[in-house]
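Quick notes on the structure that follows.
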Amino acid sequence: QVQLVESGGGLVQAGGSLRLSCAASGRTFGGYVMGWFRQAPGKEREFVAAISRGGGSISHAESVKGRFTISRDNAKNTVYLQMNSLKPEDTAVYYCAASMGWALGEIGHEYDNWGQGTQVTVSS
């Protein structure tokens with residue numbers, strides 16, 4: 001098991017930036033594929049980005065490509081989501097998740113552990 005705690009959410013104007021962090025504790029962080037998902041009110045949870053165990057492979061949803069970037073620092077047991085050019089439609093609770101698999105999963109059930117989430121609100 002790995003415990004995940006997200007931080008960095010908040011209120012930002014459209015066009016602004018935020019960097020989310022997800023700190024992990026417990027089992028070896030480098031043994032997990034890490035992902036970010038989000039869920040807006042009244043909508044289903046959706047995939048945002050994923051990164052391989054060593055950080056060499058990444059994947060981003062089409063809706064955030066060119067604006068968001070996932071990265072990780074295994075020495076700090078932390079995964080990040082840099083979010084630029086934010087839009088009101090990016091408003092959601094953002095969750096980080098850890099998978100013991102090898103694939104950069106885009107479906108929630110591929111992940112074994114989840115954080116509590118951090119709220120991101122983008123005003124127009």
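Since the model is a prediction, treat every value here as computed from it, not as a measurement. Sequential numbering from 1 along the given sequence is applied to the chain's residues. Excluded from the calculations below are hydrogen atoms, water molecules and symmetry mates; all remaining heavy atoms, backbone and side chain alike, are included.
The shortest distance between side-chain heavy atoms of Tyr95 and Leu4 does not fall below 4.5 Å. The side-chain heavy atoms of Met83 and Leu20, taken from C-beta on, include a pair separated by under 4.5 Å. The shortest distance between side-chain heavy atoms of Arg67 and Lys87 falls below 4.5 Å. Side-chain contact check for Phe29 versus Thr78: every heavy-atom pair is 4.5 Å or farther apart. The shortest side-chain heavy-atom distance between Leu11 and Gln119 does not fall under the 4.5 Å cut-off.
Nearest heavy atoms, Ser52 versus Gly56: OG-N, 3.2 Å. Scanning both residues, Pro88 and Ala14, for their nearest heavy atoms gives CD-CB, 4.1 Å. Residues Glu62 and Lys65 come closest through the heavy atom pair OE2-NZ, 2.8 Å. In terms of heavy-atom proximity, Ala98 sits nearest to Val2 at CB-CG1, 3.7 Å.
For Glu6 (side chain) and Gln116 (main-chain N/O), a donor-acceptor pair under 3.5 Å exists by modelled atom type. Judged purely by atom type and a 3.5 angstrom limit, Thr91 uses its side chain to pair as donor or acceptor with the backbone of Val122. Between the Arg53 side chain and the Gly101 main chain, a donor and an acceptor come within less than 3.5 Å of each other.
Between the SG atom in Cys22 and the CD atom in Gln3 there is a gap of 11.0 Å [rounded to 0.5 Å]. Taken to the nearest 0.5 Å, the OG1 atom of Thr69 stands 14.0 Å off from the OH atom of Tyr80. Of the inter-residue distances, the one linking Ile70 atom CD1 with Ser59 atom OG reads 9.0 Å to the nearest 0.5 angstrom. Distance CH2/Trp36 to OG1/Thr118: 7.5 Å, rounded to 0.5 Å. Within the model, atoms OH of Tyr111 and SG of Cys96 stand 10.5 Å from one another, a figure rounded to the nearest 0.5 Å. Considering OG of Ser71 and CD1 of Ile51, their distance stands at 6.0 Å, rounded to 0.5 Å.
Arg38 and Tyr94 are linked by a side-chain donor-acceptor pair at a separation below 3.5 angstrom, with hydrogens and angles left out of the test.
Relative to the six-membered ring of Tyr32, Arg72 misses at least one condition, a distance below 6.0 Å or an angle of at most 45° to the axis.
Taking the six-membered ring for Trp and the full ring otherwise, the centers of Phe37 and Phe47 sit less than 6.0 Å from each other.
Leu81 and Trp114 fall into different hydrophobic clusters, where Ile, Leu, Val, Met, Phe, Trp and Tyr are joined by side-chain heavy atoms under 4.5 Å apart, directly or via other members. No continuous path of ILVMFWY side-chain contacts below 4.5 Å connects Ile107 to Leu104, so the two sit in separate hydrophobic clusters. By the criterion of side-chain heavy atoms lying less than 4.5 angstrom apart, applied directly or through intervening Ile, Leu, Val, Met, Phe, Trp or Tyr residues, Phe68 is grouped together with Val79 in one hydrophobic cluster. One hydrophobic cluster holds both Val64 and Met34 under the rule that ILVMFWY side chains link at heavy-atom gaps under 4.5 Å. The cluster map of Ile, Leu, Val, Met, Phe, Trp and Tyr, joined by side-chain heavy atoms under 4.5 Å apart, puts Val48 and Val5 in different clusters.
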Walk me through whether Ser17 and Asn84 qualify under side-chain hydrogen bond (donor to acceptor under 3.5 Å, both in side chains). CA-CA 4 Å; Ser17 298; Asn84 299 328; 2.9 Å; yes
